[in-house]
Amino acid sequence: DAGSQTTEIARFNITLPPGGEIRIDSETYRVLMNGDNILYAQSGDWLTLTRELLYVDIESATGGTLEGTMIFTERYL
């Protein structure tokens, strides 16, 4: 079974400072940057990460390079 693929696009109109951190909590519908609520800056789809997720692409609107770590925490542990 090949399954199905969908494309979801979420945009965040923010300036992420060097060393900054974004946390997306799909359960509580919160988006935090360095601990501050930035839900107002989100548009598009709401991301829900699951084990079945095949690919995540994170891009800079200015074309700059981004480095980081993505941590997925299971909802029920």
Side-chain angles (χ1 to χ4, degrees):
D1 180 17
S4 63
Q5 288 186 340
T6 62
T7 300
E8 297 174 349
I9 298 174
R11 291 182 175 86
F12 299 92
N13 188 19
I14 58 169
T15 300
L16 184 63
E21 176 183 86
I22 295 177
R23 289 185 178 249
I24 302 171
D25 187 326
S26 297
E27 184 176 5
T28 62
Y29 294 94
R30 291 190 310 166
V31 181
L32 303 175
M33 180 172 71
N34 299 326
D36 295 325
N37 182 0
I38 60 164
L39 184 60
Y40 65 86
Q42 190 269 338
S43 65
D45 298 313
W46 182 257
L47 296 179
T48 301
L49 301 179
T50 68
R51 288 180 173 204
E52 290 77 30
L53 183 69
L54 300 175
Y55 182 76
V56 174
D57 186 20
I58 301 172
E59 299 177 348
S60 168
T62 62
T65 58
L66 294 173
E67 291 183 20
T69 302
M70 182 162 64
I71 301 170
F72 172 72
T73 304
E74 287 282 351
R75 182 176 178 180
Y76 302 106
L77 285 178

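Values below: all heavy atoms of this structure, side chains included; hydrogens, waters and symmetry mates excluded.
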Worksheet item: When you measure from the side chain of Ser43 to the backbone N and O of Phe12, does any donor-acceptor pair fall under 3.5 Å?
Response: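 The answer is no, because no donor-acceptor pair under 3.5 Å joins these two groups.
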
Please name the pair of heavy atoms, one in [X] and one in [Y], separated by the smallest distance, quoted to 0.1 Å.
X	Y	result
Asp57	Glu59	OD2-OE2, 2.8 Å
Leu47	Ala10	CG-CB, 3.8 Å
Ala41	Ile14	CB-CG2, 3.6 Å
Asn34	Pro17	ND2-CG, 3.7 Å
Gly35	Leu32	O-CD2, 4.0 Å
Trp46	Glu8	O-OE1, 3.9 Å

Worksheet item: Would one find more than 12 heavy atoms of other residues, nucleotides or ligands at under 6.0 Å from atom CG of Asn37?
Response: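 Buried by this count: over 12 neighbours within 6.0 Å.
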
Item to complete: With rounding to the nearest 0.5 Å, note down the distance linking CE in Met33 to CD1 in Ile24.
Response: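 Met33 CE to Ile24 CD1: 12.5 Å, rounded to 0.5 Å.
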
Worksheet item: Are any non-hydrogen side-chain atoms of Ile22 and Leu16 less than 4.5 angstrom apart?
Response: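 They are in side-chain contact.
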
